[in-house]
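The structure appears below as structure tokens.
Please read all numbers here as calculations on a predicted model, not as lab measurements. These values consider heavy atoms only, across backbone and side chains, with no hydrogens, waters or symmetry-generated copies.
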Amino acid sequence: MTAEHVHATTVWARFCQRFDIAKQSVPLFSLDRDGAVRHRLIGREGSQRPVLMRLPATEGLVLTATAKLVDDWTAGAKRFDGLIYCIGWRERDRLVLLYIGKAETLGKGDGNLSANLMNLATERSKFARWGVNYAYHIGDLSACVLPGHALEKMTSKSNLRS
């Protein structure tokens with residue numbers, strides 16, 4: 001193991017301990033009784049497509065965290081600059097990391113609130129980067145694991161079929 005790897009592992013362990021990541025984490029997907037990820041159809045009649053379903057507890061955690069970001073942005077406090085999300089699995093009392101991402105508070109304009117955080121209680125298509133639209137995590141994952149998606153909608157980051 002290199003010194004850089006040991007340092008990175010130590011930093012990650014401290015971060016997880018500081019924010020109690022293993023205890024705070026929730027499963028991403030809603031599962032049926034056989035352990036398969038549930039899915040639902042979205043879109044208009046005749047052009048519907050299946051998407052993977054997030055667990056309601058996951059949606060609640062995202063809504064709680066993003067409400068703090070929106071309140072902070074609305075107040076102009078600038079205490080937070082986004083939502084960091086981690087994907088992995090629990091192994092004993094730690095999280096084995098697979099992916100880290102961030103949903104920014106600020107959008108592409110001049111200090112505007114990111115579209116990824118707007119109206120999440122009613123509009124879930126972007127959902128802090130975990131939306132069902134293509135180019136969002138659930139949409140991209142759905143395109144590569146569920147039938148009914150056009151091949152051109154599979155991005156190189158999500159195309160597991162090739």
Side-chain angles (χ1 to χ4, degrees), residues 5 8-9 12 15-16 19-70 73 80-109 112-162:
H5 184 264
T9 302
W12 173 244
F15 174 85
C16 287
F19 293 102
D20 206 9
I21 299 295
K23 240 186 229 176
Q24 301 267 347
S25 65
V26 294
L28 175 58
F29 296 114
S30 177
L31 305 178
D32 66 19
R33 70 183 123 188
D34 296 324
V37 177
R38 295 174 196 245
H39 63 276
R40 63 186 175 91
L41 294 176
I42 63 167
R44 295 187 178 139
E45 191 69 38
S47 64
Q48 292 182 318
R49 61 186 170 95
V51 293
L52 301 166
M53 291 176 62
R54 295 177 299 260
L55 188 70
T58 301
E59 292 188 353
L61 191 60
V62 170
L63 289 171
T64 298
T66 56
K68 292 175 186 174
L69 297 176
V70 173
W73 178 83
F80 307 114
D81 65 0
L83 170 70
I84 295 173
Y85 49 87
C86 305
I87 304 300
W89 69 84
R90 287 185 203 153
E91 192 172 271
R92 292 184 284 276
D93 288 336
R94 68 185 190 104
L95 179 70
V96 177
L97 184 65
L98 295 173
Y99 180 83
I100 296 176
K102 183 180 179 192
E104 297 282 343
T105 299
L106 298 180
K108 294 182 179 181
N112 64 310
L113 181 65
S114 171
N116 293 316
L117 304 181
M118 285 185 189
N119 306 315
L120 296 190
T122 56
E123 172 52 49
R124 306 280 172 100
S125 62
K126 296 178 181 164
F127 206 66
R129 301 294 313 139
W130 284 95
V132 297
N133 287 349
Y134 293 118
Y136 290 84
H137 298 308
I138 296 295
D140 281 346
L141 289 168
S142 298
C144 62
V145 299
L146 297 173
H149 295 266
L151 288 176
E152 66 268 10
K153 297 299 184 182
M154 286 189 230
T155 63
S156 60
K157 70 178 179 181
S158 66
N159 188 351
L160 300 177
R161 291 184 188 164
S162 60

| task | Could you tell me whether R54 sits above the aromatic face of F29, with NZ or CZ closer than 6.0 angstrom to the six-membered ring centre and within 45 degrees of the axis? | result |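 R54 over F29 ring: no.
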Quick check: do [X] and [Y] have side-chain heavy atoms less than 4.5 Å from each other?
X: W130; Y: N116; answer: no
X: N112; Y: L106; answer: no
X: V51; Y: R40; answer: yes

[X] to [Y] - nearest heavy-atom pair and separation:
X: C86; Y: I100; answer: SG-CG1, 4.3 Å
X: A135; Y: D140; answer: N-OD1, 3.1 Å
X: L117; Y: A103; answer: CD2-CB, 4.4 Å
X: A22; Y: L95; answer: CB-N, 4.5 Å
X: P50; Y: P147; answer: CG-O, 3.0 Å
X: V96; Y: E91; answer: CG2-CB, 3.7 Å

Look up atom [atom1] in [X] and atom [atom2] in [Y], then write down how far apart they are to the nearest 0.5 Å.
X: N133; Y: K153; atom1: CG; atom2: NZ; answer: 10.0 Å
X: T105; Y: W73; atom1: OG1; atom2: CH2; answer: 10.5 Å
X: I42; Y: S142; atom1: CD1; atom2: OG; answer: 7.5 Å
X: L146; Y: R49; atom1: CG; atom2: CZ; answer: 10.5 Å

Partners passing side-chain hydrogen bond (donor to acceptor under 3.5 Å, both in side chains) against [X] (at least two apart in sequence or in another chain):
X: R124; result: E59
X: D81; result: K102
X: T58; result: none
X: E123; result: S125

Give a yes or no answer on whether the side chain of [X] reaches the backbone of [Y] with a donor-acceptor pair at less than 3.5 Å.
X: R129; Y: Y85; result: no
X: S30; Y: L55; result: no
X: D32; Y: D34; result: yes

| query | Which residues pass the ring pair (Phe, Tyr, Trp, His ring centres under 6.0 Å) test with Y134, sequence neighbours left out? | reply |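 By the ring pair (Phe, Tyr, Trp, His ring centres under 6.0 Å) rule, Y134 matches H149.
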| Residues two or more places apart in sequence or in another chain: which of them pass salt bridge (Lys or Arg N to Asp or Glu O under 4.0 Å) with E152? |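 E152: no salt bridge (Lys or Arg N to Asp or Glu O under 4.0 Å) contacts found.
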| request: May I ask you to decide if the ring planes of W12 and F15 are parallel, tilted or perpendicular, using 30° and 60° as cut-offs? | output: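 The rings of W12 and F15 lie parallel, inter-plane angle below 30°.
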| request: Give me the one residue out of V132, L141, L28 that meets side-chain contact (heavy atoms from CB on, under 4.5 Å) with L52. | output: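 Result for side-chain contact (heavy atoms from CB on, under 4.5 Å) with L52: L141.
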